[in-house]
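Have a look at the structure below before the remarks.
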Amino acid sequence: MCAETVDKTKLARQFIEAIPHSQALGMTLTTIDDGVAEITMAYDEKLVGDPVTKVIHGGAVSALMDTCGGAAVMSHPAAPIGTATIDLRIDYMRAATPGQTITARAECYHVTRSVAFVRATAMDEDADNPVATATGAFTLERGA
Amino acid sequence: MSGAKRRTPEPMQVIKQRRDAALQALVSGVPYINFLGIDFDRRGDELTATLHFKPKLIGNPLLPAIHGGVTAAFLETTAIIELSWAMLWDEIESGRLDAETLSPQALPRLPKTIDFTVDYLRSGLPRDAYARARINRSGRRYASVYVEAWQDNRDKMFAQGTGHFLMPSRDG
């Protein structure tokens, strides 16, 4: 990894972790490079959506996917100066196993002048069986 | 039916108390609803969700704006509570469930989200937000729900969403 990449990752991590809501959910950015981002979110009782099964609420997974999608857009080589979600669709494949950390991986696979298209996957420790997948469109704000 | 006494209608306060207790039991059992700071107003069977603004809901500190994930969670929560409330309403009104003794374990199981799509129409301002859900179709297995959310002006939605849900089996 060259010095520039390390710097970029560090900057992006600081940026993501400075977002109040990402902080509140305990998100940590682990990877960011050329339109791909990976963020983890540790299991926490306060995020439980079903008091009987103790499974994390889908909304917390949505927040993780949305943040990760935005990070992927920001790291795209098109070097946007800002982004916002236009639309996000989440498919819930299964309940996340209570107690396990959730990892989201998002890829910004196409950009136009003003729109970025993103795919994302959320996994718990059983990475071969995703918890949820998402597709989204984000705005892409370019510098002057 | 001559001579058979018609049942005296229950006092309004008793009915209200029973319905509010049921709603409270449903909502307070979910830690994540509490974490986000969402509560529900009831008029008859109609629910309105309020997301009480707090700095920890911010996603863009520069604007500032509510996090898109919070908006998604708010809409999804409103849809799930609306669906659960519709199921619960019949149980409570018919007396099959006693609102006084409801615990999360005694409540009907919550519907499970199959998919949810959020349409972000404008950025969420750093103040309270409101949402109402409409059940467009609720079958034995699947349900389709539409939700809209607004802030200062009822006519200016800042987000809308549609989701599909798997309904809990009702054979005990």
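Proteins get letters first, then strands, A, B, ... in listed order; numbering begins at 1 in each.
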Can you name the nearest heavy-atom pair linking A:I19 to B:G59, along with the distance? CG2-O, 3.3 Å
Under 4.5 Å from any heavy atom of chain B - which part of A:A60: both
In terms of heavy-atom pairs under 4.5 Å, which option from A:A134, A:A63, A:P20 contacts chain B the most? A:P20
Among the listed options A:K46, A:M65, A:E45, A:Q23, the residue most often paired with chain B at heavy-atom distances under 4.5 Å: A:K46
Residue-level interface, residues 131-161 of chain B with chain A, non-hydrogen cut-off under 4.5 Å: none
Work out which heavy atom in B:P111 is nearest to a heavy atom in B:M87; give both atom names and the distance. CD-CE, 4.3 Å
Interface moiety of B:I33 toward chain A, non-hydrogen atoms closer than 4.5 Å: neither
Crowded around A:R113 CZ? As in, over 12 foreign heavy atoms under 6.0 Å? no
Going by atom types alone, do B:Y130 and B:T78 pair a side-chain donor with an acceptor below 3.5 Å? no
Which value, rounded to the nearest 0.5 Å, describes the distance between A:L88 atom CG and A:D66 atom CG? 5.5 Å
Proximity breakdown for B:P55 and chain A, heavy-atom pairs closer than 4.5 Å: backbone
Quick check: closest heavy atoms across B:L23 and B:R42, and the distance to 0.1 Å? CD2-CB, 4.0 Å
Answer with side chain, backbone, both or neither: which region of A:L47 has an atom nearer than 4.5 Å to a non-hydrogen atom of chain B? both
Show the nearest heavy-atom pair for residues A:A132 and A:M93, with the distance to one decimal. C-CE, 3.7 Å
B:D41 and B:R43 ion-paired at < 4.0 Å: no
More than 12 heavy atoms of other residues, nucleotides or ligands under 6.0 Å from CG of B:D128: yes or no? yes
B:K56 NZ/CZ over B:F35 ring centroid, <6.0 Å and within 45° of normal: yes
Closest contact, heavy atoms only, B:S84 versus B:L110: OG-CD2, 3.4 Å
Under 4.5 Å, heavy atom to heavy atom, which residues of residues 113-123 of chain B contact chain A? B:T113, B:I114, B:D115, B:F116, B:T117, B:V118, B:D119, B:Y120
Salt-bridge contact A:D50-B:R109 (side-chain N to carboxylate O under 4.0 Å): yes
